[in-house]
Structure formats: C-alpha cells, structure tokens
There are 2 protein chains.
Amino acid sequence: MSTAERLIETTRELLWERGYVGTSPKAIQQRAGAGQGSMYHHFSGKPDLALAAIRRSAEEMQAKAEQQFGGPGTALERITAYLRREREVLKGCPIGRLTQDPDVMADPELRRPVDETFAWLHGRFTALLTEARDQGELNAALDPASTASTVVAVLQGGYVLARAAGSDEPFHRAVEGVLGLLAGHATAPAPSHDR
Amino acid sequence: MSTAERLIETTRELLWERGYVGTSPKAIQQRAGAGQGSMYHHFSGKPDLALAAIRRSAEEMQAKAEQQFGGPGTALERITAYLRREREVLKGCPIGRLTQDPDVMADPELRRPVDETFAWLHGRFTALLTEARDQGELNAALDPASTASTVVAVLQGGYVLARAAGSDEPFHRAVEGVLGLLAGHATAPAPSHDR
DNA sequence: GTCTATAGCGTGATAGAC
DNA sequence: GTCTATCACGCTATAGAC
C-alpha cells in the first residue's frame with residue numbers, strides 16, 4: 001500500500017472518529033506512519049487530503065447500498081435487506097457525521113460529495129418505493145418521495161440516538177419501527193413476476 | 001444580564017454552530033464581551049462552561065416539546081403538532097449535534113444531559129403512541145416503543161438530510177412521510193372522551 | 001519521495017495587578 | 001469581578017537538505 005493510499009485511508013478513519021475540525025494533519029501523519037514532508041508532497045494540505053477521503057467514503061457508501069438495492073427479492077425485500085444490514089452503529093455514518101462539521105459545510109468542494117450521496121440515496125429509495133407501490137406491496141396512498149426521505153432519515157437519526165444512548169438498541173428499534181409502519185401498508189401479497 | 005449569564009448563552013450559540021471541539025474559550029469571551037479573567041472567575045474552564053450550556057439547552061428542548069405534548073387534541077394530534085412545529089432546520093438540533101462530538105461523548109458529565117434528553121423524549125413518545133393505540137387512533141399491531149424511536153429518529157435524521165442538501169425540504173418531506181405512514185394505521189376515528 | 005527544522009498563529013489555562 | 005501579561009503546547013504550513 002502506497003504512502004498516499006495509507007494517508008487517505010487514515011484520514012477516512014479519523015474523519016469518521018473525530019470529524020474534520022477534530023482531525024489534525026499531525027494526527028494523520030502519525031497514524032499513517034508518514035512524515036510531514038511526505039504528506040505535503042502528495043497533498044496540498046488538509047482540505048485536499050480530506051476531499052480525497054470524503055470522495056472515497058461517499059463512493060463506498062453508495063457501492064455498499066447498491067449491494068442490497070440490486071440484490072434478489074421484491075422491492076420491499078431489498079429495502080428491508082438494506083435497513084437490516086450489519087452496521088457499525090456506534091461509530092455513526094461516515095458521511096452523515098460530516099454534516100455537523102462547519103468547516104466541511106462551508107467549503108463547496110468538501111460538501112458536494114455529501115450532498116450528492118444523500119441525493120442519490122433518496123432517488124434510489126424513491127424508485128424502489130414506487131416499484132413496491134406499483135407491485136401492490138405498498139399502499140398507493142403513500143408518496144414515494146416523502147416516504148424515501150423518512151426511511152433515510154430513520155437511519156441517520158438512528159445513529160444519533162444510538163450514540164446518545166451509548167447502545168445499538170435505539171437504532172435497531174427505529175429500523176424495526178419503520179419496517180412495521182411500512183408493513184402495515186401492504187395491500188396484497190406481491191405477485192410473482194414470471195408467469 | 002450578568003456576565004456569567006452572557007457566557008452561558010454565548011456558549012450555547014457556539015456549541016450549536018461549531019460544536020465543542022470547534023469552540024474556543026477565546027471565541028466565547030469575544031462574542032460575550034468578557035475578558036479571560038472574567039470567564040475563569042465564573043467557570044473552572046471550557047468543560048465546566050460547556051456543561052452549564054448543555055444542561056440549559058437540554059432543559060429548553062424538553063420544555064419546548066412539552067408545550068406540544070401537553071397541549072390540546074388527541075394523542076396523534078399532539079404528536080403531529082410537535083412534528084410540524086417551527087424549527088431552525090438548517091441549524092440542526094442543538095442536542096443531537098453534540099452526539100457527533102467525540103470530546104463530549106468521552107466525558108460522562110457532558111454526555112449525561114444528551115442521553116437523558118433523548119431517553120425522556122422516547123418515553124414521552126412511547127406514552128403518547130400507547131394512548132393513541134388505546135384510543136383506536138393507531139393500529140394495535142404497532143409497537144409503541146419501536147414506533148417512538150422511529151419518530152424521534154426521523155426528526156434527528158431530517159436535520160442531517162437538510163444540512164446535507166442545504167435546504168429545509170428533506171426535513172419536511174421526512175416528517176410528512178412518517179405522518180403519512182402513521183395515518184394509514186388509523187383504525188377508526190378517535191372517539192370523544194366527554195360523553 | 002521523505003526527512004528535519006522552523007515559522008506564525010491559536011488554544012486552554014494561570015498569575016497577579018487593579 | 002475584571003483586567004492584562006504570560007505560559008507551554010498544538011496546529012497548519014513552508015523551506016530546504018538528503
């Protein structure tokens with residue numbers, strides 16, 4: 001693994017653990033086992049390195065989500081699979097937490113990957129919920145776009161509640177709660193596609 | 001307004017805007033119009049002042065919530081009133097954001113008010129949802145405790161989505177989405193209490 | 001590419017005068 | 001109670017040797 005690679009990965013970790021304001025170039029260098037000069041050779045400074053780290057985390061989050069979204073099963077089953085997927089709940093969402101970092105939100109370049117990731121996620125959920133509705137898995141009275149925002153918010157808020165409590169429980173309760181609400185809106189067993 | 005008062009209020013503002021790590025004693029003193037010596041006369045240091053500020057914000061959040069919870073209407077109407085209440089959405093939740101501050105979460109004293117506020121909020125919502133269920137406003141199949149976590153998470157996650165997008169819209173969509181999900185679970189018009 | 005040395009500034013806190 | 005002076009330290013970055 002190259003030095004630049006190690007610097008990016010280390011920055012991703014520290015951004016996740018301590019946020020942008022709480023992460024110093026020095027801390028990155030020490031954990032990555034790189035000197036000052038090395039870091040400034042590969043990156044112009046803290047914002048440049050953070051941009052590389054944030055972009056990679058955003059890509060990773062989308063790729064992981066696509067694993068469940070593009071998997072087998074009905075639309076509602078794929079949504080359920082995504083919501084119930086294993087997560088490092090107490091560490092929080094590596095992208096969502098950047099939202100609370102004033103210096104990240106103040107810089108359009110750093111902010112863009114965050115904005116785009118949630119816009120993508122919302123679009124993906126809206127499409128899946130529309131599919132579920134059209135297949136009769138979900139009540140037609142529900143607005144897919146609003147429900148999509150609700151589902152994404154439950155995950156992000158679940159992380160907040162879990163960290164406040166110092167326990168995974170509130171996160172899982174929130175997820176099961178929204179699944180219960182969605183389940184009650186099923187109108188009929190989903191028809192099989194192939195006949 | 002006393003100097004100590006001004007210091008606490010200023011700290012509440014800065015904690016909301018920039019978090020604990022991003023807020024320096026110097027910045028507090030300048031905005032509050034107080035000197036170094038003045039601050040250290042009234043408070044033992046940054047953590048002590050932050051504790052006073054966090055406690056007050058936690059109390060305020062609970063008091064504001066109780067305005068809607070204890071207001072008129074059925075349980076579901078009071079929940080709706082709370083969810084639709086005016087908020088400074090783009091500023092985020094002054095308590096929820098502390099959850100992302102590693103130094104706050106690492107200090108049991110600073111962390112306690114955050115933990116307690118969300119525990120209280122969850123309990124309050126659980127009671128209201130139980131009441132709604134018993135009054136036939138809500139499907140009996142729903143678990144009040146899980147649904148309560150979902151509702152609180154929607155608010156906290158709504159703030160995250162709004163800040164990511166730089167717009168109030170995702171917050172309001174998420175709120176209307178969960179109200180839509182709850183509405184579909186009504187089993188019958190709520191009976192009047194008084195006859 | 002990586003190292004060490006250095007710079008200028010901010011942070012969190014203390015000391016002691018008024 | 002509030003002020004100014006001072007401290008040791010950490011932050012982000014640059015310079016220049018190797």
| request: Report the C-alpha separation of E17(A) and R97(A) in whole Å, then their side-chain angles, then the decisive distance to 0.1 Å, and conclude whether the salt bridge (Lys or Arg N to Asp or Glu O under 4.0 Å) test is met. | output: CA-CA 9 Å; E17(A) 293 170 18; R97(A) 79 145 295 151; over 6 Å; no

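Atom CE of M39(B) and atom P of dG12(C) are 9 Å apart (whole Å). Remark: P of dA7(C) and CD of Q36(A) are 15 Å apart, rounded to the nearest angstrom.
Contacts of G45(A) with the nucleic acid, taken as non-hydrogen atoms under 4.0 Å apart, involve only primed sugar atoms and P, OP1 or OP2. Residue-level contact check: G35(A) touches the backbone only, with heavy atoms under 4.0 Å from sugar-phosphate atoms and none from bases.
No side-chain heavy atom of H172(A) sits under 4.5 Å from any side-chain heavy atom of R87(A). In this structure the side chain of H42(A) reaches within 4.5 angstrom of the side chain of T3(A), judged on heavy atoms. You'll find the side chain of R6(B) reaches within 4.5 Å of the side chain of M1(B), heavy atoms only. In this structure, I8(B) and F43(B) have side chains that are in contact, with non-hydrogen atoms separated by less than 4.5 Å.
Across dT2(D), dT2(C), dT4(D), the shortest atom-to-atom separation from the side chain of H42(A) is found for dT2(C). Side chain of Y40(B), nearest nucleotide from dC3(D), dG12(C), dA13(D): dG12(C). In this structure, the nucleotide among dT2(C), dC3(D), dT14(C) sitting nearest to the side chain of S38(B) is dC3(D).
Here H41(A) reaches the OP1 or OP2 of dG1(C): one of its side-chain N or O atoms lies under 4.0 Å away.
Near-neighbour residues of DNA chain C inside residues 1-31 of chain B, defined by a heavy atom below 4.0 Å, number-ordered: S24(B), P25(B), K26(B).
Side-chain polar atoms of R12(A) and S57(A) form a donor-acceptor pair below 3.5 angstrom.
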